[in-house]
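For this chain, numbers begin at 1 and follow the sequence in order. Since this is a predicted model, take the numbers as computed values, not measurements.
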Amino acid sequence: MRWLTLYARSRQVPASLAAVVISAAGVWALIARDGGGGPVDPRMPVFVLVAGVTATSIGLGGQDLALDRAAAIRWRPRRAAHVLLIGAVVGAVLLAVGTATDTDLATTAFVVRDSAGLAGLVALGAVVCGAAYAWTPAVVWLSFSVFAPPPTNVPMEVATWMMLPPGTPTATWTALALAVTGTTVYALAGPRR
């Protein structure tokens, strides 16, 4: 077997990908039930993205962290690529559901911003909480964002960045900071033991 196949299997990529597709199919079913083509709840794409990064975050840690740290291969580029692929795949699945259902779930700019920021957030979660609980920061932040009042200042815009419309500078910078910081810290440090 090649290293990529072994890496994918050790990181539970097939199961994670299946969970992402199932959550996307669930959204597809909800949209079809409502008739499709009409306006979609703006929180729906954020829920799909958080569900996707939550499902894929378990793969941010291998079966044996000590073995990973002692391996003779360079993990840093692989870890960074893994985080970037999480954001790309989760965003692509959401955009594919929107195209397949002929519904405007979210703009491409919104999906790219949120999927990148959320991928960085789960990478930070893997470093701080461990791979098994890497999903925790994304779910906690989403929970606050859903119930928070509409933002009236910059700190509240930072706190609710994933719900804000595309083109909001604070949301874009927050997502970019999370993506860069999370990817860098995870690539350098790896998941917590």
Response to the item:
Tightest non-hydrogen contact, residues A189 and V127, listed as CB-CG1, 4.4 Å
Practice prompt. Rounded to the nearest 0.5 Å, what's the gap from OG on S145 to CE on M163? Could you check?
Written response: 5.5 Å
Response to the item:
Taken to the nearest 0.5 Å, the spacing of C129 SG from L60 CG works out to 12.0 Å
Worksheet item: How long is the gap from CG on D114 to CG on L121, to the nearest 0.5 Å?
Response: 11.0 Å
Worksheet item: In this structure, are over 12 heavy atoms from other groups packed under 6.0 Å from F47 atom CZ?
Response: yes
Worksheet item: According to a 4.5 Å side-chain heavy-atom criterion applied to Ile, Leu, Val, Met, Phe, Trp and Tyr, with indirect links allowed, do V112 and M162 form part of one hydrophobic cluster?
Response: no
Practice prompt. Kindly give the heavy-atom pair with the smallest separation between G182 and A123, and that separation in Å.
Written response: O-CB, 3.4 Å
Fill in: Shortest non-hydrogen contact between A106 and L95, atoms and distance
O-CD2, 4.4 Å
Fill in: Cluster link V185 to L178, ILVMFWY, side chain under 4.5 Å
yes
Worksheet item: Is a side-chain N or O of T107 found less than 3.5 angstrom from the main chain of F110, in a donor-acceptor match?
Response: yes
Item to complete: Group every Ile, Leu, Val, Met, Phe, Trp and Tyr by side-chain heavy-atom contacts under 4.5 Å, then state whether V50 and V140 land in the same group.
Response: no
Worksheet item: Between I58 and A55, what is the shortest heavy-atom contact and its length?
Response: CG2-O, 3.6 Å
Worksheet item: Where do T160 and P151 come nearest, in terms of heavy atoms and distance?
Response: OG1-CG, 3.7 Å
Discussion item. Given 3.5 Å as the limit, does a donor-acceptor pair link the side chain of Y186 with the main chain of T181, or not?
Written reply: no
Worksheet item: Testing V53, T183, L118 for side-chain contact (heavy atoms from CB on, under 4.5 Å) with I86, which one passes?
Response: V53
Item to complete: Let me see the working for W135 and T56 under side chain to side chain contact (heavy atoms under 4.5 Å, CB included), right down to the final yes or no.
Response: CA-CA 9 Å; W135 54 270; T56 56; over 6 Å; no
Worksheet item: What do the steps show when you test T172 against W161 for side chain to side chain contact (heavy atoms under 4.5 Å, CB included), and what is the final call?
Response: CA-CA 8 Å; T172 304; W161 68 271; over 6 Å; no
Discussion item. Has R113 got a side-chain atom pairing as donor or acceptor with P165's backbone, closer than 3.5 angstrom?
Written reply: yes
Worksheet entry | Closest non-hydrogen atom pair, A116 against A179 | O-CB, 3.4 Å
Discussion item. How long is the straight-line distance from CG of L142 back to CZ of F147, given to the nearest 0.5 Å?
Written reply: 9.0 Å
Item to complete: Rounded to the nearest 0.5 Å, what's the gap from NE2 on H82 to OG on S57? Could you check?
Response: 9.0 Å
Discussion item. Hydrophobic cluster membership, with links at side-chain heavy-atom distances under 4.5 Å among I/L/V/M/F/W/Y: are V180 and V158 in one?
Written reply: no
Discussion item. Taking side-chain contact (heavy atoms from CB on, under 4.5 Å) as the criterion, tell me which of V90, L94, V93 meets it with V48.
Written reply: L94
